[in-house]
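Input: a single structure, listed below in structure tokens.
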Amino acid sequence: MVLPQHAIPTGEDSRPLVLGIGEVLWDCFPHARRPGGAPANVAYHARQLGLDGRVLSRIGNDADGAALRAYLAVQGLDVATLQCDPTHATGTVTVHTDHTTGPAYTIHTAVAWDELEWTPEWEHLCAVAQFVCFGTLGQRSLRSRATIMRALEVAAGATRVYDVNLRPPFNAADVVRTSLASADVIKLNDAEVAPVAALYGRENASPAELSAALLAQPRCRYVCVTHGAAGCTVYTRAGAVAVPGLRVRVADTVGSGDAFTAGFIYGLWRRWSTDATGRFANLMGALVAKHAGAMPSVSAALGRLVQRIEREAVR
């Protein structure tokens, strides 16, 4: 199910193409497994919002890969963009939920999404995309990093969204620096401010100071610093907008940041104000946190959230 089309201009071609390039995988919880992978989550939620979200990733020729493909297809995504690796297994992540600071992850290596292949089909999609979302983890192998960098080069006219999403030890400094310089929108959380600032020799920089340094880069237009339940701050060259958090009953926080990213993309596409875009992104992140897993089916609720933002905008 996708968002009712009341918010979408008429004509299929008017829907923006939102690509999530990088990892797609199974999040393996203690008592269940659920589909995930940050860029895939963003594309999934973009699709639920009525946009043309597509996952550019790679699965194995195995039962896990077939199950991922089937799930995404049922949710309305075009799975033709998923590559199938003949030798590497579909990616998995073991999620440890017994941590007071949030979930911890064991991310298994040498899997299919470490072998992203540049193809003419992906080149065409990147050339016509309006938004491309990518992260740090998807670039942990040389081959996938080269493919993602090629995608960003071809998508030079798109809004390029970088979710820093550090997952040690897969956070090489050169990968993060290059990604930061390649992005129009940068999203990171409070815990990532210090390690990112350290890349600029400013270990003690505040979020505002770091954001000013990032916004001094030629491409960067927005820096979103998320504060968990306390909301977010969106920095632009015109100033900062603080958006308060929301109180919700949390099922788990896996994927809520990716829902935030999809909501921010949607607000940019709608050309909402920075405040409205940040509030909608917060609402989306909170909505997904109320559900188990990173890809819950919440399209009906998303329609109500869009209407809420629009009502507030005309007051």
Check: [Y] main-chain N/O paired with [X] side-chain donor or acceptor under 3.5 Å:
X: E192; Y: L166; value: yes
X: E312; Y: I309; value: no
X: N171; Y: R167; value: no
X: T147; Y: L116; value: yes
X: Q83; Y: I59; value: no
X: W122; Y: T81; value: yes
X: E117; Y: E115; value: no

Modelled atom types, side-chain donor and acceptor of [X] and [Y], under 3.5 Å:
X: D258; Y: S256; answer: no
X: S179; Y: Q139; answer: yes
X: T136; Y: Y162; answer: yes

Would you kindly confirm whether [X] and [Y] end up in one hydrophobic cluster when ILVMFWY residues are joined by side chain heavy atoms under 4.5 Å apart?
X: W272; Y: V241; value: no
X: L302; Y: L246; value: yes
X: W26; Y: V79; value: yes
X: V128; Y: V132; value: yes
X: Y44; Y: L287; value: no

Given the rule in the salt bridge (charged side-chain N to carboxylate O under 4.0 Å, His left out) test, do R145 and D174 qualify, once you have shown the distances and angles that lead to the verdict?
CA-CA 11 Å; R145 183 186 184 190; D174 60 329; 3.1 Å; yes

Starting from the C-alpha separation in whole Å, work towards a yes-or-no answer on side-chain hydrogen bond (donor to acceptor under 3.5 Å, both in side chains) for T226 and N189.
CA-CA 5 Å; T226 59; N189 62 36; 5.2 Å; no

To the nearest 0.5 Å, how far apart are [atom1] in [X] and [atom2] in [Y]?
X: K187; Y: I265; atom1: NZ; atom2: CD1; result: 11.0 Å
X: R219; Y: D184; atom1: CZ; atom2: CG; result: 4.0 Å
X: L17; Y: D52; atom1: CG; atom2: CG; result: 5.0 Å
X: M149; Y: S144; atom1: CE; atom2: OG; result: 11.5 Å
X: Q217; Y: R177; atom1: CD; atom2: CZ; result: 11.5 Å
X: H108; Y: T92; atom1: NE2; atom2: OG1; result: 4.0 Å

Look at the rings of Y222 and F264 and say which category their plane angle falls in: under 30° parallel, 30 to 60° tilted, over 60° perpendicular.
perpendicular

Report yes if some heavy atom in the side chain of [X] is under 4.5 Å from a heavy atom in the side chain of [Y]; otherwise report no.
X: P296; Y: K290; value: no
X: V234; Y: V223; value: no
X: V111; Y: L25; value: no
X: F260; Y: C224; value: yes
X: R47; Y: L51; value: no
X: I186; Y: C220; value: yes
X: T274; Y: T236; value: yes
X: L137; Y: R140; value: yes

If you count the non-hydrogen atoms of other residues, nucleotides and ligands that lie under 6.0 Å from CG in N204, is the total more than 12?
no

Using a cut-off of 6.0 Å, state whether more than 12 heavy atoms not belonging to H124 lie near its atom NE2.
no

Could you report the tightest heavy-atom contact between [X] and [Y], atom names first, then the distance?
X: A40; Y: G36; value: CB-O, 4.1 Å
X: W113; Y: S57; value: CB-OG, 3.8 Å
X: A112; Y: G60; value: CB-N, 3.6 Å
X: V196; Y: Y200; value: O-CD1, 3.4 Å
X: G245; Y: N282; value: CA-ND2, 4.3 Å
X: L82; Y: R69; value: O-NH2, 3.7 Å

Test side chain to side chain contact (heavy atoms under 4.5 Å, CB included) applied to C126 and L19, step by step
CA-CA 8 Å; C126 291; L19 303 178; 4.0 Å; yes

Cation-pi, F134 ring and R160 (6.0 angstrom, 45 degrees):
no

One thing to verify: whether R34 and D27 come together as a salt bridge, which I'm taking to mean a side-chain N less than 4.0 angstrom from a carboxylate O.
no

What I want to find out is whether E23 reaches R58 closely enough, with some N-O distance under 4.0 Å, to be called a salt bridge.
no

Could you walk me through whether T106 and H96 pass side chain to side chain contact (heavy atoms under 4.5 Å, CB included), step by step?
CA-CA 8 Å; T106 300; H96 309 278; 2.9 Å; yes

Chi angles and distances behind the side chain to side chain contact (heavy atoms under 4.5 Å, CB included) call for N41, M295:
CA-CA 6 Å; N41 296 337; M295 294 188 187; 3.2 Å; yes

For ring pair (Phe, Tyr, Trp, His ring centres under 6.0 Å), just list the numbers for W269 and F131, CA-CA rounded to whole Å, side-chain angles, deciding distance to a tenth of an Å, and then say yes or no.
CA-CA 9 Å; W269 172 63; F131 297 91; 8.3 Å; no

The test is side chain to side chain contact (heavy atoms under 4.5 Å, CB included); show your working for H291 and V298 and say whether it passes.
CA-CA 9 Å; H291 295 78; V298 293; 3.7 Å; yes

